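Single-structure report; data block below.
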Amino acid sequence: MPALTCPVPDNINALTTNGFLFTIQKYPELVYFTQSVNLPDVSLGISVQASSVHDLKIPGDTVEFGDLQIEFIVDSRMENYLAIYDWIVGLGFPAGHTQFAEYLTKNRNNSSYTRMDKLTSDSYLTILDANNLPVKRFAFHDAFPTSLSALSFQSVNNDTTYTVAQLNMVYSYFVPE
């Protein structure tokens, strides 16, 4: 009887959770203030093939991607918060259609070729190792914000606390690069 062997993987180091960089291509204001970000879930749909004995489940052809959730510290001039706020308001134009037209003509969107490029932005999550060197980068294509949390201000705090906001984004798909 042959001896059982267990191959040893090339890398036995665990991935840490505190080494990452998150960037939104058109909105670099968040880069140094991001506190947490998730690598979203991925799920594959299934198809069911009928059978006289029991239904067979086979791999489907639709991949679903979870939302991208980011938590960031709001900078002292609120530039990062307002950049995302302007993006959401520009897409939703609550005060009228002129807001949408103004959003499309802003300077940071002039390099885009299509209207969809002006509405979305590619985003990147770079995972870092223990030495802060890039291990893997994930590209989120055609991302845009769907919600930005409320900010709470309190005059009763004696300690310095930083204002934190949560951002939820959706995108077409993500791929490791």
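Remember, predicted model here, so these are calculated numbers, not experimental data.
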TODO: Starting from the C-alpha separation in whole Å, work towards a yes-or-no answer on ring pair (Phe, Tyr, Trp, His ring centres under 6.0 Å) for Tyr171 and His141.
DONE: CA-CA 6 Å; Tyr171 49 92; His141 296 281; 9.3 Å; no

Open item on the list: Assess the residue pair Leu167 and Tyr81 against the criterion (side chain to side chain contact (heavy atoms under 4.5 Å, CB included)); give the C-alpha distance rounded to whole Å, side-chain angles, the decisive distance to 0.1 Å, and a yes or no.
Closed with: CA-CA 9 Å; Leu167 169 63; Tyr81 181 87; over 6 Å; no

Task: Stepwise side chain to side chain contact (heavy atoms under 4.5 Å, CB included) check, Thr34 with Glu71 - done: CA-CA 6 Å; Thr34 303; Glu71 183 175 270; over 6 Å; no

- [ ] Take Val74 and Glu79 through the test side chain to side chain contact (heavy atoms under 4.5 Å, CB included) and record every step on the way to the result.
- [x] CA-CA 8 Å; Val74 178; Glu79 291 172 351; over 6 Å; no

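Ring orientation note: the planes of Phe140 and Phe174 are tilted relative to one another, at an angle of 30° to 60°.
Ile88 approaches Ser147 most closely through the heavy-atom pair CD1-C, 4.1 Å. Residues Pro40 and Asn38 approach most closely at CD-O, 3.3 Å, considering heavy atoms.
Asp75 contributes no side-chain N or O that, together with a main-chain N or O of Phe33, makes up a donor-acceptor pair within less than 3.5 Å. Using a distance-only test at 3.5 Å, with no hydrogens or angles considered, a donor-acceptor pair links the side chain of Lys26 to the main chain of Thr120. Ser123 places no side-chain N or O within 3.5 Å of a backbone atom of Ile24 that could act as its donor or acceptor partner. Remark: the backbone N or O of Leu30 is not paired with any side-chain donor or acceptor of Asn80 at under 3.5 angstrom.
Put simply, the residue from Trp87, Phe72, Phe22 that forms a ring-ring contact (aromatic ring centres under 6.0 Å, His included) with Tyr27 is Trp87. Residue Asn131 forms a side-chain contact (heavy atoms from CB on, under 4.5 Å) with just one option from Asp129, Leu128, Val135, and that option is Asp129. Only one option out of Ile70, Asn168, Ile84 pairs with Leu148 in a side-chain contact (heavy atoms from CB on, under 4.5 Å); it is Ile84.
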